[in-house]
Visitor: 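Let me begin by handing over the structure; questions about it come next.
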Amino acid sequence: MIKKFIHQFASPKTFLLQVDKFYGLIFFTSLCIYIFSIIWGLLFTPEDFVQGNSFRIMYLHVPASFLSQSLYIAMAVSSATYLIWRVKLAAYFVIAIAPIGAMTTFIALVSGSIWGIPTWGTWWQWDARITSTLILFIMYLGLISLHNSFSNYEKADKLLSWLVIVGAVNIPIIKKSVDWWTTLHQSASITLTNKPSIDPVMLYPLIGTIIGFFGLIICLILISSKNQIFIREKNKSWVKDYV
Amino acid sequence: MEILKVEFLKLRKKTRIWLGPILVFWLIMIAYPLTVELLQDKLQIGFFSVLWIAILISMMLATEDIFTEDYNDGSLEQTIIQESSFSTNIGLKVFIYWFLTGIPVSILSFIFSFGTTQNFGLSLSIFPLALISSYIFLNLFVLGNSLSLNKGSVLGAIVTMPIALPVLIVLGKSITALQFDINFEGFILLLLGSLSIIIVLVPIVVSYIIRAHLE
Amino acid sequence: MEILKVEFLKLRKKTRIWLGPILVFWLIMIAYPLTVELLQDKLQIGFFSVLWIAILISMMLATEDIFTEDYNDGSLEQTIIQESSFSTNIGLKVFIYWFLTGIPVSILSFIFSFGTTQNFGLSLSIFPLALISSYIFLNLFVLGNSLSLNKGSVLGAIVTMPIALPVLIVLGKSITALQFDINFEGFILLLLGSLSIIIVLVPIVVSYIIRAHLE
Amino acid sequence: MTDNSLITAKTISYKINENKLFHNLSFELGEGCALLIKGKNGSGKSTLLRIILGITVPTKGNIYKAASIQICYLGHKNALKSYLTMRDNIDLMQLKNHKELNYYLDLLSLKKHLDVTVSSLSFGQQKKLALLRVFLNTSKLLILDEPFVGLDDATHEQLTNFLSNELIMGKGLIFTSHIPCEIKADSLVLIN
Amino acid sequence: MTDNSLITAKTISYKINENKLFHNLSFELGEGCALLIKGKNGSGKSTLLRIILGITVPTKGNIYKAASIQICYLGHKNALKSYLTMRDNIDLMQLKNHKELNYYLDLLSLKKHLDVTVSSLSFGQQKKLALLRVFLNTSKLLILDEPFVGLDDATHEQLTNFLSNELIMGKGLIFTSHIPCEIKADSLVLIN
Ligand code: HEM
Ligand SMILES: Nc1ncnc2c1ncn2[C@@H]1O[C@H](COP(=O)(O)OP(=O)(O)OP(=O)(O)O)[C@@H](O)[C@H]1O
Ligand SMILES: Nc1ncnc2c1ncn2[C@@H]1O[C@H](COP(=O)(O)OP(=O)(O)OP(=O)(O)O)[C@@H](O)[C@H]1O
Ligand SMILES: [Mg+2]
Ligand SMILES: [Mg+2]
């Protein structure tokens, strides 16, 4: 029953046709929100009295950090859907999300490093969150290279999904162990965990950038999924019609 | 238990599979004091870090070919079409590899620890840590290798490393616990707990993955 | 120069051959701070030892399959029956491998050194040391691998180890030399001298060994 | 599905990356029957065999096997360990104690080479060693993917005779071959 | 040794561990001539080819080759990279820019599979890919070890025609085959 339902509504064809309806709407709202908040954040918030202007990189760093993990969770859900109900569309999502997840994680790492230079005086610290973000980045790389190494897509999908799920089990473990490692760390003088509460003047544009960034990334994922459909189902007549 | 006999026969003939990793472990442990200009008592500062890395690397090398060869020459297909439980086979195979590499490496760990720290009690505690962690690493690399099967060990390594790093962190922690004599058993139990889950799950997941590969 | 093109093509497609060792190097260097409970400033005590070992291991992984694959699939025969000089080919092949693994690993060595020691001058001197030593290690492992080609034996490792250990010792010594600023150039020259001999001899010896294997 | 049917395929189809390899195939194999699968290179013969074996899952359709049937399979790959001697490989295949082993080693003139590593054996000798699995099989059903490749005329004939004999004994046989052979078999032609 | 001789073997013998494989073999191959080496499995055909190529050194005797002669060789092994696609393998074989490449890809119906990795190709498709080396060769002498293995009838015929044509063009051919084929060739039978 459930299977039939899912298959009907999660067919690549339905997806492709629906996406075009919503795509433009999502794209323009999020773009507007993002641009608005970033202009607000960059130009109209006061200088932080400790960090000076360097805090403004937060508007890139925080949304990226936030998304790097959310995207992994999205992949894990899609993978499970694929393995359990054999929904092809779910498999397309997984591989469509992977490079985007890697990209946002990379942005989080780089922007964090850049931010670290003025604030911590160093671009790298074996801090809990940083370490686990780094591990997450390695996981994304592993996922992408695994999928790239197969020419048989069905096989690649199946193996990728298994790996994503194993990795998902692993994420809380990584978090736990890494946290635990640093909390016992005598010299953990700087952590991201105990933040002074943020000034609302900065908070609202931050929330705005997070939402906007989120929407933009969703658009990216939609495009990338569409692309997957074209690659995989290029011989189907309806794809030819569509193009 | 046919599989035990078969695997032992193969490993007896292809000594590189298990002797190689042991030699590499040995090489790293010898290289460590040679490359640092430290007095004996300072040598132990980085020692355990090198030890865990050496165990990690040697287990990685031990599993490198664990399925590739059978996959390439067609033996895996033969195994699969026989009805007997494939995942049990995998579990046993990992055990044999551990028996031939993990145990010798753990004994060597004890010897090198004692040589470096001159502390018998500490070194004796290293032994179970090495035994358990080598078994965990083996399982993790087996998982990684099954995913990358004929695509080379490196893919396996990338896939496995994120899972292996937390284990390394725990190992590092337990050395501190040992040295300050706080809750060392807790760490052993934690590792044993993880191992017992891994030992059950990995063969099952791997058997699915290999079937998907052969498809 | 046909060989350069062909090898580059293969390596471009089989990224794991060169990306793998680089990643493993990276992971060892990441694993090091995770397994020790040290303050930032004490981290450097074992650091260089781990660095040299990581270079050794990554070069070992880089050469693992350098001839085996070509031997097994019959490409080596094809290479040999073409008249062009086989030993030059081998020399070029080693060079390409060094270009794709040795150089990146050396750059990473510099970065990790700087990250750990925060000493720019020292880290800059690490760079040539890493470049030269990685090339030496590559050549040594190529020699070892050619010996054990399809034999599934540890012959290669056993043969390579006695030659690799002295290099490690020299590397350890040169760090001390660097830190106390005594005669560092002497060590670089020593390593360069060894390298220039190895670069000439290894390809010739290896070409004979491989011919003997194919016979 | 008749009573003595060993294997029944019902409307199986297989696609790779949306390319149809075959579509709605059905057949049935009874005891003592042989099925020769024909087709051009790349038409999907090996894939079909792997589907019958249960290694590959068909995109559509089902395979029904007789309860607890044992299958003896030899594919394009020999499933031999090239670094072991012939003797060790026989041991690995668990044929060491088979009472007819000696007879077949003689018949295939392999006995002289028992202590040669497989990688040094000639192409045909390797194939013959792999075929020992077939000659000494204890299964009801044989699935052979181009078993005649690389064999000299004498061995070709021995294998043909052996297989014909197995059919008389009531076993089932599914095989592919680009080389003509004298086994009485139905054929199934794959067209793509 | 006549003037248009491509290759001449003089009393060559080969022993492995004191077992004679062949003894005092002599032959000569002229332009436009083909030599079919026959013999049972393990009689030393492949070894003889490798001796002619200069990979293996004979225990006794000598091989004389025409000055700076180019040889195109295909052995039992395909010399393909199984992890690369067909397209990349063609590139590696340095046939990418060959002007007849397209023609032969079509003829062998490989074109559809250019982006499939070799390990996923069927056995025969892999062989056909390896044979591109032969079809697009620029050498005076072809040495082929069982080139017909695994090919379907159509491809078999194409290869036969191609080789016959090469002979007419004055090239030399030395090959082995357990499968009968219609190439007009002298035969050399190895008995052991
Ligand atoms: C999952 C990973 C991460 C998350 C969720 C995260 C989240 C955040 C958040 C919410 C803030 C803002 C806190 C505030 O405004 O006070 C922040 C600040 C910062 N992050 Fe991250 N971050 C992550 C990873 C990283 C990484 C990988 C780096 C560096 C390589 C980094 C460097 C920084 C720096 C330097 C700051 C400012 C520090 C401070 O205000 O004391 N972060 N991060
Ligand atoms: N990943 C893939 N992508 C595209 N095509 C594939 C892939 N894997 C397999 N194929 C195709 O599927 C077919 C597999 O055929 P199979 O091996 O069953 O052929 P066969 O009939 O046994 O041929 P042969 O006579 O050469 O042995 C081939 O045409 C191959 O190109
Ligand atoms: N190391 C060795 N010890 C003993 N015998 C060996 C060794 N290496 C090769 N041989 C024998 O040498 C012979 C090699 O034969 P070769 O491969 O030339 O045969 P072939 O005529 O090509 O056979 P096929 O038709 O099967 O391809 C085989 O009989 C093999 O057993
Ligand atoms: Mg086939
Ligand atoms: Mg032969």
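Each chain gets a letter, A, B and so on, in the order its sequence line appears, and its residues count up from 1. Below, all heavy atoms of this structure are taken into account, side chains as well, without hydrogens, waters or symmetry copies.
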Visitor: Between B:I57 and chain C, which part of the residue has a heavy atom less than 4.5 Å away: side chain, backbone, both or neither?
Guide: side chain
Visitor: Quick one: what part of B:L56 sits under 4.5 Å from any heavy atom of chain C, side chain, backbone, both or neither?
Guide: neither
Visitor: Counting only heavy atoms from other residues, nucleotides and ligands, does the tally under 6.0 Å from CZ of C:F127 exceed 12?
Guide: yes
Visitor: For the atom pair CG (B:L34) and NZ (C:K173), what is the distance rounded to the nearest 0.5 Å?
Guide: 9.5 Å
Visitor: Do B:I30 and C:L165 come close enough that some side-chain heavy atom pair is under 4.5 Å?
Guide: yes
Visitor: When you look at C:M60 and B:V24, which way does the side-chain contact (heavy atoms from CB on, under 4.5 Å) test go after all the steps?
Guide: CA-CA 10 Å; C:M60 187 177 103; B:V24 168; 3.7 Å; yes
Visitor: Looking at B:I53, B:L51, B:I175, which one has more heavy-atom pairs under 4.5 Å with chain C than the rest?
Guide: B:I53
Visitor: Working to the nearest 0.5 Å, report the span between CG of B:L27 and CG of C:L168.
Guide: 7.0 Å
Visitor: Can you tell me if C:F8 has over 12 outside heavy atoms packed within less than 6.0 Å of its CZ?
Guide: yes
Visitor: For B:F99, I'd like to know if atom CZ has over 12 heavy atoms of other residues, nucleotides or ligands within 6.0 Å.
Guide: no
